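Quick notes on the structure that follows.
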Amino acid sequence: MEMNSLLLLLILISSLIPGIVILLLEEKQVLARNFLNLFGAIAKVVLVAWVFAGYLRGESYTFIFGLAPDLTFALHIDQLGLLFATLSSVLWLVTTIYAIGYLKGGKHQRRFFAFFSLCVTSSTGIALSGNVLTFFVFYEFLTLSTYPLVVHRGDDKAVEAGRTYLWYTIGGGTVLFLGVVGLFVLAGPIYFGQTEIIASLAPENGLQLTIVFFLMLSGLAVKAAIFPLHGWLPISMVAPAPVSALLHAVAVVKAGAFGIIRLVYDIYGVQTSEQMNLLTPLAIFAGFTIIYGSVKAFYQDDFKKRLAYSTISQLSYIALGVAITGVLSTTGAIVHLVHQGIMKITMFFAAGNVAETYGYYRISQLNGIGRRMPITMVAFTIAAFGMIGLPPVAGFVSKWYLGLGAVEAETYWVVLVLLASSALNAAYFLPIVYRAWFCEPEPSTIQPRCSGRWETEALLLIPVLLTGLFSLAAGLFAASTNSPLYFAREIADRFYLHLP
Amino acid sequence: MINFPTSSFPALLVALPIFLAILSLIFRINRRAIIGLWGSFLIGILALVSFIEVIQKGTVIHILGGWEPPLGILLRMDPLSAVFIGLTATIGVFISLYTWWYFRAREASKGRFPLFWPLWFFLWAGLNGLFLSNDLFNLYVTIEIITICAVGLAVLSGEKNALKSGLRYLLAAIAGSMAYLFGVALIYGSTGTLDLEHLSEVLKPGKTTNFALIIITLGLMIKKAAFPFHFWLPPAHSAALAPVSALLSALVVKGAFYMMLRLWTEVFEVSLTFAAGQLIGIAGAAAVLWGSWQALLQTNFKLLVAHSSVAQMGYLLMMFPLLIIAPGISSDSANWLSPAWTAGIFQVISHAFAKSSLFLSAGIIIMALGHDRIESLRDLVAWMPMTAMAIGIAGVSLIGLPPSGGFMAKWMLLKGVFLSGQWWWAPAILLGSLLTAGYVFMLLRLAFAPSREINHFRSVPKSLQICALILALGSFLIVIPAENLIQFLEGSESFGSGIQSIVKGGRYGNE
Amino acid sequence: METYKIYSITSVVLFAIGLGGLFLAKHFLRKIIATIIMGGGVFLCLVSFADRDSLSYADPVPHALVITGIVVAVTAAAFALSLARRIHKFSGEETFTDEK
């Protein structure tokens, strides 16, 4: 096997093997487990960086393994996949550090870290997959490997949440399965980027293609938490903070959003989707979800629940950007995939820090928390400003592009949705910021659980600081040639290459 | 048929298990297990060598004692039978290993069940013989051997429930084989031959053939517990000892399926109509839905798994309507045949692995708890992570989630269904998957849930758990050599072939 | 040809009686006897085919088949009987009470 194919496998293996080995370790072997975790995470980042560098030099990376006639397992690198792979591998590293600190002394760590690694394997697998089948395989594998994490606490509430989670995702998976098989029957094995196949079928098999599109879209919309298929996400917030952070800000929900991008741009192609008028329903549902999620978030007092509804709302920005034709909105959608990930993970880390250190789970308890945990809350504030869309934080960039795209496509209602959502974002995030910095802390002070030089344990503090800085940097240096925005722009340009 | 290269492996595949069975009967009871274990390895190696022989030479035959048909018996080993024999050997070796430890670990079972090993070897011989048979009567004899051994194994525990369900199983199976034999008699009366190859040439459509087809199909449907005749399976499979349940569910019911597959595609082409296939498909779809629904309602683990067998056998039946090509379509343009066959074979293989793993896990749970009420599975993940994982992995394969063998089967089935335009099977396939997900995750949910008692699990040897886990993993690993396996199977004459349905003269079903 | 018809009809009737008995009879023993009657029908049918138009002598194959078949059927019946006896000895039950 040539070197380049091997590299792709290595990227997957770098988290798969630690996952399996951790499962075989004893619960007590903390050191070995942590070493494996960090080693795998660092190895993955290095490997992805290596492939990234190679890709920029113009090398191509493909791995193909035939399973059955016209059923092939294919890994392939393109810019979009690379962007997602980078995002998940970097955030995995950060979250691993965080999780080691967060779960210290907790029960069933072996199970947690094993399935955590499997999750990241499937998430990178989704990023690297080169055809529909491979994508589907990893997509379902992600569902399965997340389940033990959702029910990790093991109490009745967690198990109930796990059940809800499974019904949504397995149901969505079944619908997606039907769509994927339908696609195979109509068009044969499709590799991502072969939009001409569907384009050539479109005149004759319009109805079938439309059905297949909406089957696949509704399957993917479950994970992307688009209304009315979003119900699992707030309930799954019973999971430990690192899980909520990585999975419900990055891996699971992004898998759905990423799938929608692939479906529209790399399977059907912009032109065909536009001609067949497939995108309007998506735009309407996404637009509604943005407002719905924001309004629901406004009424939550539970810190993580508010973040969860905010995630629902923010994810639909991506779907909305996909649904509007135009290079600018596509750029906005793709760059928001990255920006939303780093901003939301910061917020979940912050929420986890507060809960872990002071035991505060409600927003009404957060009075004056900024003075006690300044670094955490600075990071949170940066992310919150980003979510609202204030420059120069990352969120501003994506919203700006989405807005420009909407104007370009002359869909002015989208601009209204964006404005309304920004106002709502401000309405539910600013009170937290306000409470944290400007309210007097309540007199009955709970002693922090950890005593040290810092506001909380270093392992919890470093990740939140890092991701906070990432969010700021992604916005500040958006114009430079290696920023997410630059890549998103290149990807979007390629999607519209064949358009007049 | 005589043109194929001869080989002595087919004869050995039948003779060795019989020899081992008799050998183990001669030995003292507490020595039998050793013969059982090493004998199983021996058969496993033999099956592997024969498999390689078929890979190298293609179809091989053996004429027993040099007496050529019609008086003598000819054994034929083509890629299809090689795959079934290989599957039997793989599952068989692991079940033997498991049984060896199972009997050693249970104080209560020391020195009991002296007949397990002889019966299991006779069963093995019967299965191998069935897969190698090339004439109708030989098929009858082998399936009778299988039935009697299977019932013998099922009642091994000697408990009242096992005895009663065993008797019910036996009576149903006798009725099935009598129906089959009646059909064979009619065919022999009208053609004067029993050889499958020869029959496919001389069999003429007509009332007699149609009646024979109906009665043979019904007989086989009883034997493999297809939908309206599934009543005997859940009690019999759930009352048996754990390794026996695994054998029955994973291998025995597949024998009747194999027979039906062979007879439909090789012999009865002349009188099969589109409607006949649809009827079988409806039975299959009904089995999928009914079996899965019943499984969802069970409160005992083994009963749940047994009902799930009914459902999974239903998926196998759904392959038959796809094999029949509607009148007016040339068989060259029938591009769904290959997916349909692949679906059938992969369903057989992945179900065999997954179901044997589930029953072996059930045995482990009974050993640990003393009973198998599902409610007591709480906190299984913490105390027996390996068994919980085996249940999870096997369950995932049953649901058909990627990248399992079950996924491959469902994918191919669904693809065949769409390509052939018979899209009405799709809802049953998917709904069955969802129901399966329902009962599998019902188990997993409990396994993760907190326990009300503290450590109520007794310890169970790791080796037993490893056996179950390996079998569960097997249902995933078969996807890796899938392409090679399909290429290999294409060397078999019947694989990928369709049945050109006749337009007139078929009086089957509602035609 | 008339004899041939008598044989076929008798065998079908026997088979049907057996099948009906298997489903309708409650007692184990009756059920087992019903299967034996089914077998009788089948074997009669099979052996009647030994008289073939194309042959001047009786076809030996059906005889061989029937003998084998009888051996198998006897084995199965004996097994069923022993099971029924065992059940009776353990619990005194003579029917599948849970069945209907």
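Here the structure is a predicted model, which is why all the values come from computation and not from measurement. We name chains A, B, ... by the order of the sequence lines, and we start the count at 1 in each one.
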Requested in this report: Please lay out, stage by stage, how B:Leu401 and A:Phe177 fare under the test side chain to side chain contact (heavy atoms under 4.5 Å, CB included).
Outcome: CA-CA 9 Å; B:Leu401 289 176; A:Phe177 181 39; over 6 Å; no
**Report entry** B:Leu419 and A:Phe184, any side-chain heavy atoms less than 4.5 Å apart
**Finding:** no
Query raised in the report: Between B:Phe418 and A:Leu178, what is the shortest heavy-atom contact and its length?
Result: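 Shortest heavy-atom contact: CZ-CD1, 3.7 Å.
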With only heavy atoms counted, which part of [X] is less than 4.5 Å from chain A, the side chain, the backbone, both or neither?
{"X": "B:Met386", "value": "neither"}
{"X": "B:Pro339", "value": "neither"}
{"X": "B:Ile480", "value": "both"}
{"X": "B:Met442", "value": "neither"}

Report task. Enter the distance from B:Phe441:CZ to A:Leu144:CG here, rounded to the nearest 0.5 Å. Result -> 5.5 Å
**Report entry** Interatomic spacing from CG in B:Leu434 to CD1 in A:Ile170 - rounded to 0.5 Å
**Finding:**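 Here the interatomic distance stands at 8.0 Å.
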Query raised in the report: Who among A:Phe141, A:Phe136, A:Phe138 has the most heavy-atom pairs with chain B under 4.5 Å?
Result: A:Phe136
Requested in this report: Go through B:Leu414, B:Ile486, B:Val396 and name the one with the most non-hydrogen pairs under 4.5 angstrom from chain A.
Outcome: B:Leu414
Between chain B and chain A, which N and O donor-acceptor pairs fall under 3.5 Å? A table would be great.
residue, atom, partner, partner atom, Å
B:Lys415, NZ, A:Asp70, OD1, 2.7
B:Lys415, NZ, A:Asp70, OD2, 2.9
B:Glu483, N, A:Leu67, O, 2.6

